[in-house]
Amino acid sequence: MKLLFDHGTLVLAEAPDLSRKAIPGLLWDPRVELYRAPAYRYAEVVMALRSLQLPVVDEVRHAGSVLVEGWHSTDLRPYQHAAILAWQLAEHRGLVVLPTGSGKTRVAAAAMASTTARTLCLVPTRALLNQWLAELSRFYPGAIGCLGDGRQDVQQVTVATFESALRWMPRIGNRFELLVVDEAHHFGCGVRDEALEMCVAGRRLGLSATPPTGAALARLEELVGPVVYQLGVGDLAGKWLADFDLIVLRVALDREERARYDADHRLFSELNRQFRSMHPSGTWQELVAAASQSSDGRAALRAWRRTRQLVGFTHAKAAAVRALLSRHRDARILIFTADNAAAYAIAREHLIMPITCEIGRQERERALQGFREGKLRALVSARVLNEGIDVPEAEVAIIVGGTQGEREHVQRIGRLLRPSPGKRATVYELVTLATAEARIAAERRRGLAATHARSA
Amino acid sequence: MLPHTLARLSTQVGSDQLVLHYLTERDHPWLRSLIDEYERGVGSKQSDLLSRLREPLTTRAPKAKQRLAVDVLQRLTDARAKAGVPPREARWAALTAAAQTAAPREEVLGLAAEQLGIDVESLESALFADLRSERAACPIPSGLSPERIALEANLRLVKSWIQRARSVRITAWGNTRALVRQARLHGLICNMRRAAPVQTGSARVAPIATAGLDALPQSPTEGVELEVSGPLALFRHTLIYGRALGALIPRALWCHRFELRAECETGAGAAMATLTVRSGDPLHVGRELPAYDSQLEQRFARDFRKAAPDWDLVREPRPVESLGSLIFPDFELVHRHDPKRRWLLEIVGFWTPKYLDEKLRKLRAAHLEHVLLCVDQERGCADAELPEHAQTLRYKRRIDVRAVLAIVGR
């Protein structure tokens with residue numbers, strides 16, 4: 001009997017009848033007349049076969065076992081040491097939750113060095129891909145592979161974007177023993193989970209500042225492991241992270257905007273009221289699915305989208321941005337918007353560099369470098385700067401609008417918290433009065449406060 | 001992929017069948033209006049123009065079909081407008097200049113424009129000209145007709161549903177090789193059976209067949225039935241094979257005749273329904289497929305024809321049935337004066353001894369003696385690992401035609 005890797009799954013060739021044996025994840029595949037299991041259950045399958053004393057030739061691993069050595073020693077802060085220890089004690093599986101700016105990449109590098117295992121690191125964006133490559137090369141002298149942003153090179157230590165990993169995993173899922181998942185909260189609730197399912201790596205390290213909750217967390221625990229170590233901003237602010245002031249500026253809609261907003265909001269509220277009367281506990285996805293069935297419902301959804309777009313960048317917000325940029329003329333500023341259109345409008349008016357998904361890698365790197373060196377005074381972005389991008393020089397953030405709730409808010413504020421001597425960051429949050437945004441903003445601030453309280 | 005809502009709007013979802021509302025000749029008048037409207041807006045901001053095109057037209061158009069057509073139009077006209085100065089340079093000059101001074105915007109732009117040797121207006125228009133959501137609408141490519149938009153829209157609609165399929169069953173006749181290769185290339189599980197032959201008289205041969213791929217194509221009456229799905233599909237419904245399954249459609253369209261049935265998810269967690277697509281449906285047939293799968297094959301065919309006037313080279317000969325599956329040899333070599341002298345030739349790229357053993361086992365089971373495997377010496381294993389009694393020829397970048405002739409001429 002042979003155990004083989006087959007396009008992100010495991011197959012048992014020349015196997016006897018196993019239908020009455022309890023082997024985790026193993027199913028009979030009538031298409032090829034073989035037993036098949038998802039690759040992420042590799043360790044469990046092997047253990048079950050051994051416990052049943054079934055002779056099996058394991059041909060899953062690519063090129064046998066190889067030690068990845070030569071890592072430089074990593075200077076870890078006490079809490080980073082503790083995180084690594086907790087992960088090791090959890091049998092090299094689990095989620096390490098640390099706030100933005102606390103050095104999660106360094107924790108990952110230390111984990112890789114301690115295991116000397118072939119490692120695949122997954123990161124959400126192309127921008128982070130390059131940042132990880134640069135950071136890892138400080139600790140590992142060997143060649144580092146890269147999948148994504150037009151590069152296709154697989155090495156014993158490889159960094160891949162989530163999207164590239166999904167495409168490549170059927171071919172490379174058996175090449176790694178350690179899987180590091182940056183911003184792991186993106187997994188647990190969607191099609192991307194399959195990237196983790198198609199990999200045989202038994203050792204898994206997830207990194208996040210904002211772990212998911214509920215069903216998504218349960219799924220993440222299955223694919224990566226449980227939360228093994230958690231600290232919040234409150235635990236590290238002052239010593240390891242910069243302190244910050246959060247200032248909420250409440251602005252109003254002008255008369256014309258208010259009329260448009262109210263008309264569209266009424267349209268959507270009616271749909272929402274009808275739906276809630278029939279499905280009191282219905283989810284947003286269910287509401288959208290139900291609304292899509294009728295032209296009135298679709299019109300109401302379009303109205304809802306218009307309100308979001310309007311509130312995302314109002315005339316008053318534009319004026320506030322103008323005033324804040326003038327006030328902080330000599331500071332390094334990050335501006336976060338709800339969408340690209342608002343980011344470009346600000347970029348055009350104030351001649352500020354936009355960092356969006358439409359800006360290519362080289363230009364983005366040049367812009368970030370220019371920001372660090374002071375050649376650019378500000379960056380404006382809708383989503384790209386939300387996660388992971390290292391901009392320790394930023395002192396002021398202006399949150400013009402957002403769409404992703406508490407998690408996005410925490411991540412955005414985290415951009416400013418990388419410490420430097422004497423630094424105290426300032427975050428301005430622009431909120432439009434008497435709109436849905438006021439409620440959402442209050443919720444995300446409560447979420448942020450709860451994060452502080454939890455960690456304290 | 002087409003947004004799911006849009007795909008659904010153009011589809012009647014029955015209890016177990018999907019009926020697509022194809023764009024047909026009846027839609028051509030409003031498609032013409034759409035093109036005219038677009039042409040009037042060339043040069044304006046593309047995203048604004050597309051929003052305008054989604055509003056009612058002068059000629060009445062079904063809403064869902066109109067949105068589908070605008071989606072296609074966007075894709076077909078998605079070129080970058082030329083700017084007086086490369087936008088990246090324009091941005092860097094203007095934005096770094098702005099960071100160095102507290103001067104008003106116009107003054108900063110003037111300084112940057114002077115540095116670049118252009119006027120302020122050119123600099124302004126170049127600033128974001130390359131960014132998708134900010135770029136100006138480009139002129140419509142020549143030859144873009146209402147018919148072309150209709151066929152493209154239909155194809156996008158079909159692909160969009162296939163990308164939500166759990167499994168696909170295709171019965172195809174003639175030119176099926178590319179279809180099978182495509183499925184295997186993407187790591188899909190592809191169970192093949194020989195399909196019932198089509199009666200010659202009733203065979204509905206699509207017009208594209210006349211512009212066929214090969215001088216000697218497979219018989220259009222002989223076909224295969226493929227059942228295609230991804231390995232993970234065993235455990236749960238997954239959409240990760242969507243792109244691979246969708247890529248089968250253009251290949252199927254180049255078969256002489258085909259019928260495709262796909263089990264598609266009609267919504268998140270919703271029931272499955274069957275989509276049926278067949279030759280004759282109004283779908284855009286893309287670029288002609290390359291005649292050869294690789295340069296290596298192309299070069300071998302050219303060299304062989306030149307060096308062996310006594311031999312005919314048949315590309316994509318009939319598939320060989322063996323041990324319940326079909327084998328697709330690359331070439332068949334047939335002696336002109338003695339047609340009994342026939343050799344099948346297969347070019348093997350990456351290989352292992354086990355793979356070759358299995359291949360030879362199947363060929364032996366099919367009682368084929370005259371089979372020559374050409375194996376890449378750079379991408380395989382050591383000489384000693386070649387299976388015993390295998391009729392093999394090693395090659396490096398180019399297959400030596402004289403060596404082939406020495407073997408087949410014995």
Side-chain angles (χ1 to χ4, degrees), chain A residues 6-11 25 27-32 36-39 166-167 169-171 191-195 197-198 285-286 288-289 292-293 295 298 301 326 329-330 339-341 343-344 347-354 356-360 362-363 366-367 370-371 374-378, chain B residues 4-6 8-9 13 45 47 54 63-64 87-89 91-102 104-105 108-109 112 124 127-128 130-135 167 186-191 227-236 238-244 267-270 324 354:
Chain A
D6 178 43
H7 294 97
T9 64
L10 306 171
V11 290
L27 289 179
W28 175 251
D29 188 346
R31 299 168 300 175
V32 289
R36 191 184 291 276
L166 199 58
R167 280 201 299 279
M169 210 58 102
R171 282 174 280 173
V191 71
R192 283 188 180 132
D193 293 358
E194 283 144 351
E197 284 180 19
M198 290 189 282
Q285 284 79 9
E286 286 164 348
V288 172
S292 305
Q293 304 298 318
S295 58
R298 290 192 290 274
L301 287 178
S326 165
R329 173 72 230 168
D330 298 322
D339 53 37
N340 281 354
Y344 292 138
R348 205 179 274 281
E349 183 185 345
H350 300 286
L351 299 179
I352 289 174
M353 183 70 201
T356 66
C357 52
E358 295 175 337
I359 298 286
Q362 285 179 343
E363 188 179 8
R366 188 185 190 192
F371 185 74
K375 288 179 184 164
L376 294 171
R377 61 179 291 226
Chain B
H4 187 47
T5 320
L6 192 47
R8 269 191 77 104
L9 284 174
V13 182
K45 194 169 157 187
S47 52
R54 289 185 191 103
K63 259 189 184 174
R88 281 172 55 174
E89 278 182 35
R91 274 197 291 275
W92 186 253
L95 307 186
T96 50
Q100 308 311 319
T101 171
R105 184 176 185 278
V108 173
L109 285 176
E124 277 260 36
L127 262 185
F128 299 107
D130 58 333
L131 305 180
R132 184 178 290 267
S133 53
E134 292 290 294
R135 69 176 64 147
S167 62
H186 283 88
L188 296 169
I189 294 176
C190 184
N191 287 336
E227 204 156 335
V228 189
S229 56
L232 268 186
L234 176 71
F235 305 105
R236 62 191 169 87
T238 169
L239 299 182
I240 59 165
Y241 305 110
R243 195 179 293 179
K354 196 176 139 203

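Residue numbering restarts at 1 for every chain, and letters A, B, ... go by the order of the sequence lines.
- One distance of note links CG of D193(A) with CD1 of I240(B); it measures 11.0 Å at 0.5 Å rounding.
- Neither the backbone nor the side chain of A39(A) has a heavy atom closer than 4.5 Å to any heavy atom of chain B.
- Contact annotation for L232(B): both backbone and side-chain heavy atoms come within less than 4.5 Å of a heavy atom of chain A.
- The side-chain heavy atoms of E197(A) and F235(B), taken from C-beta on, include no pair separated by under 4.5 Å.
- Between chain A and the residues Q100(B), E227(B), K63(B), the most heavy-atom pairs under 4.5 angstrom are made by Q100(B).
- Taking CZ of R91(B) as the start and CD1 of I352(A) as the end, the distance is 14.5 Å to the nearest 0.5 Å.
- In plain terms, the two heavy atoms of R31(A) and S229(B) that are nearest each other are NH1-OG, 2.7 Å.
- Judged as a side chain to side chain contact (heavy atoms under 4.5 Å, CB included), and not counting sequence neighbours, the contacts of H7(A) are P170(A), P231(B).
- When every heavy atom of R88(B) is checked against every heavy atom of E363(A), the shortest pair comes out as CG-OE1, 3.2 Å.
- Residues R329(A) and T101(B) share a closest heavy-atom pair of NH2-O, 2.9 Å.
- Note: T9(A) leads T356(A), V32(A), T9(A) in heavy-atom pairs under 4.5 Å with chain B.
- For the set K375(A), Q362(A), R167(A), M353(A), the entry with the most heavy-atom pairs within less than 4.5 Å of chain B is K375(A).
- In terms of the side chain to side chain contact (heavy atoms under 4.5 Å, CB included) criterion, residue partners of V288(A) (sequence neighbours excluded) are, by chain and number, W284(A), S292(A), L301(A).
- Ranked by heavy-atom pairs under 4.5 Å with chain B, the list Q285(A), H350(A), R298(A) is led by R298(A).
- In this structure, chain A has heavy atoms under 4.5 Å from both the backbone and the side chain of L234(B).
- The two residues L351(A) and R105(B) have their closest heavy-atom pair at CD1-CG, 4.0 Å.
- Listed here is the closest heavy atom pair of P354(A) and F128(B): CG-CE2, 3.6 Å.
- Of the residues considered (S133(B), A97(B), A112(B)), S133(B) shows the highest number of contacts with chain A, using heavy-atom pairs under 4.5 Å.
- Residue with the most contacts toward chain B among E358(A), R171(A), R377(A): E358(A) (heavy-atom pairs, distance under 4.5 Å).
- The side-chain heavy atoms of N340(A) and L131(B), taken from C-beta on, include no pair separated by under 4.5 Å.
- Between W92(B) and L376(A), the shortest heavy-atom contact is CZ3-CD1, 3.9 Å.
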